[in-house]
Amino acid sequence: MMETYNANYKWIRMMQIMQIIKKDNWHNSQHSHRIRSIRIMNMQKYFWAFKLSFSNQLAYRVNFLLGRLRSIIVLLILYYLWTTLTAYTGRFAGYTREELMTYVFGVVMLRAFVFGSQSRRIAQEINDGGFTTYLVKPINHFVFFYFRELAERLLLICSSVIEITIVSALLSVNFFVQTDGIALIWVLGAILGAHFLYYLLSYMVSLIAFWSREAMGPRFMFEWLLEFASGAYFPLTIVSALFFGILQLLPFTHLIFTPLTIYLEKIAPAKIPALIGMQMLWILVVGMMTTLVWKRGLRRYSGEGI
Amino acid sequence: MKKYLNIYRIFVNNAFSYAAQYRRNTWLKLFINLFWIAFLGITIEVIFTQTQTIAGWEKHEVYLMMILWIIVDEIYTLIFEGNMDMIPHIVTDGGLDIYLTKPAHNLFMVSTKKIYIYSIWRLITQLLILVWLFTHFNFTIAPYWIPIVVILIPAAVLINYAGALILNTLSFWLFRIDNVNDLWNVVRSLGRYPLSILPKTLKIITLTAIPIAFQAYVPAATLTGRWPWYGMIYMSVFTVILLFIAVKFWNFAVRRYSSASS
């Protein structure tokens with residue numbers, strides 16, 4: 001709690017300094033030096049947002065641990081389900097048991113880094129008027145929330161690595177180990193792309209709150225659709241070819257399925273650049289759409305609840 | 001008893017008034033629920049395109065288990081969920097004080113105040129799906145099934161309630177533990193799968209310490225002849241014992257509660 005208080009205090013102090021700098025005379029001999037200071041401050045405030053979010057996550061440790069226990073239980077359910085399905089033949093839908101286990105445990109790890117929950121607050125804050133406070137602060141809302149999200153993601157990915165290590169050791173799980181350096185670089189790129197793509201999609205969906213007070217409902221639906229279509233429940237190649245073809249037209253497959261497909265060598269190496277290119281294209285398209293929705297939404301915002 | 005019925009009637013009236021103010025929300029929730037059921041259905045269909053059974057359970061039996069789980073979950077949502085979710089908040093911020101000053105038992109007030117009326121419409125839809133399931137898969141309906149369902153479904157709801165109450169009561173010591181409800185929901189969701197997939201030790205745990213097998217697995221196993229008749233007696237006795245423990249634990253926690261705000 002003390003950490004959170006200190007971080008809050010530092011945040012307020014920093015804001016005060018920013019105000020002083022802004023009011024100061026820009027045409028004196030210290031001009032360039034001050035611009036440099038402001039640039040540093042501009043980034044610093046986001047680091048403070050990052051730090052605050054990190055502290056908030058750990059402020060209620062039992063709550064955090066319960067969240068992680070939840071993740072372990074999901075992992076166990078999936079482990080036993082897929083173990084049962086591969087019990088007789090050692091294979092299921094073209095995947096060996098090792099590959100399936102790698103997929104399942106990989107999903108848990110990717111969920112931690114890709115799927116975030118911080119942007120849910122955006123819809124809530126737009127509805128209750130809390131969003132107004134961001135408009136009067138010298139911050140970029142998109143970047144500010146991204147840093148908040150990043151703090152949560154980094155904490156969860158560290159935690160999930162520990163959980164997976166313990167669970168896999170206890171259950172003696174065999175994994176498929178990728179040794180090709182180039183493939184691993186592609187996987188890393190795909191994971192980072194998935195991380196940004198999810199944030200953009202999630203941010204855009206939260207902005208529905210500018211138009212409707214019931215933004216949480218569409219958000220839940222979006223999350224289910226996204227989890228299903230991203231391959232978070234099972235490898236998407238299990239579904240019929242037609243359905244898989246339709247899913248591939250959506251951006252969601254690039255969140256979980258693409259990185260794990262590359263890792264498991266389920267796609268020919270020659271096709272990987274095209275797949276990553278497609279992911280980049282989606283990031284660009286969703287980014288442009290988000291900008292458009294943001295601009296239109298701001299025009300509609302009435303600051304209800306201030 | 002009459003006093004409590006009157007209070008509950010007032011809570012129900014309030015819930016209907018609230019729901020009437022947000023009609024669009026009710027439709028939205030119904031639509032979202034159908035969407036979610038469809039997703040679960042698609043998942044089952046997808047898995048069964050690759051296999052004939054999951055741990056000896058055929059497709060229609062897995063469907064039966066899924067819909068029973070959903071129905072029990074919906075009844076729990078209707079009556080208890082909103083109330084259980086707020087326990088960590090009211091304990092942490094001192095909101096519990098107001099319940100302690102009411103001329104009715106605090107546990108009754110805390111457990112029943114919030115009723116999610118939209119769940120009624122969802123429940124009706126789910127019962128229709130259950131009927132469709134019976135007709136579509138040609139289930140044989142024996143007369144003894146009706147009393148079984150009448151006993152098992154409310155028992156499963158009460159087990160869910162008792163489990164949630166015990167976990168949320170921990171907030172008297174651990175304060176803000178909102179994730180405990182998420183955790184309980186995920187643990188309960190395990191009951192959607194045929195628990196034969198679990199190793200023996202875990203299976204025993206789901207029938208004792210973490211009682212999630214009762215929500216769908218036991219009722220479905222009974223209806224499909226996998227569970228012996230005395231299993232029902234075990235479930236009934238277990239429900240009473242767990243409920244007793246949960247109430248005692250709550251009373252014990254309330255006795256050591258020191259208000260946070262006033």
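Here the structure is a predicted model, which is why all the values come from computation and not from measurement. Below, read A as the first sequence line, B as the second, and so on, with proteins coming before strands; counting in each chain starts at 1.
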- From the list Ile197(B), Thr53(B), Thr51(B), Leu198(B), side-chain contact (heavy atoms from CB on, under 4.5 Å) with Thr84(A) holds only for Ile197(B)
- Query: Is atom CH2 of Trp121(B) surrounded by more than 12 heavy atoms (other residues, nucleotides or ligands) closer than 6.0 Å?
  - Reply: no
- Message: So, taking the atom named OH in Tyr193(B) and the one named OH in Tyr80(A), what distance separates them when rounded to the nearest 0.5 Å?
- Response: 15.0 Å
- Query: Closest approach of Ile238(A) and Gln50(B), non-hydrogen atoms and distance?
  - Reply: O-NE2, 3.4 Å
- Message: Take a 6.0 Å sphere around CZ of Phe252(B) and say whether it holds more than 12 heavy atoms from other residues, nucleotides or ligands.
- Response: no
- Item | Heavy-atom proximity to chain A below 4.5 Å, by part of Thr49(B) | side chain
- In this structure, are over 12 heavy atoms from other groups packed under 6.0 Å from Trp211(A) atom CH2? yes
- Message: Check this for me: Phe31(B), atom CZ, are more than 12 non-hydrogen atoms of other residues, nucleotides or ligands nearer than 6.0 Å?
- Response: no
- Query: If we only count heavy atoms from C-beta on, is the Leu66(A) to Ile177(B) side-chain gap below 4.5 Å?
  - Reply: yes
- With the side chain counted from C-beta on, respond yes when Leu69(A) and Val187(B) share a heavy-atom pair under 4.5 Å apart, and no when they do not. no
- Message: So, taking the atom named CZ in Phe228(A) and the one named CZ in Phe39(B), what distance separates them when rounded to the nearest 0.5 Å?
- Response: 6.0 Å
- Got Phe234(A) and Thr43(B) here, is their nearest side-chain heavy-atom distance under 4.5 Å? yes
- Query: Is it the side chain or the backbone of Leu65(A) that comes within 4.5 Å of chain B heavy atoms, both, or neither?
  - Reply: neither
- Message: Within this structure, what is the OG-CG distance for the pair Ser71(A) and Leu183(B), rounded to the nearest 0.5 Å?
- Response: 11.0 Å
- Taking it one step at a time, do Val239(A) and Ile42(B) satisfy side chain to side chain contact (heavy atoms under 4.5 Å, CB included)? CA-CA 9 Å; Val239(A) 302; Ile42(B) 291 171; 5.9 Å; no
- Item | Option in Leu76(A), Leu225(A), Thr83(A) with maximal non-hydrogen atom pairs under 4.5 Å from chain B | Leu225(A)
- Query: In Å, rounded to the nearest 0.5 Å, how long is the span from CD1 of Ile73(A) to OG of Ser189(B)?
  - Reply: 8.5 Å
- Query: Above 12 or not: heavy atoms from other molecules or residues under 6.0 Å from CZ of Phe35(B)?
  - Reply: yes
- Message: Please classify the contact between Ile47(B) and chain A as side chain, backbone, both or neither, with a heavy-atom cut-off of under 4.5 Å.
- Response: both
- Query: Crowded around Gln52(B) CD? As in, over 12 foreign heavy atoms under 6.0 Å?
  - Reply: no
- Message: Surrounding NZ of Lys113(B) (heavy atoms of other residues, nucleotides or ligands, distance under 6.0 Å), is the total greater than 12?
- Response: no
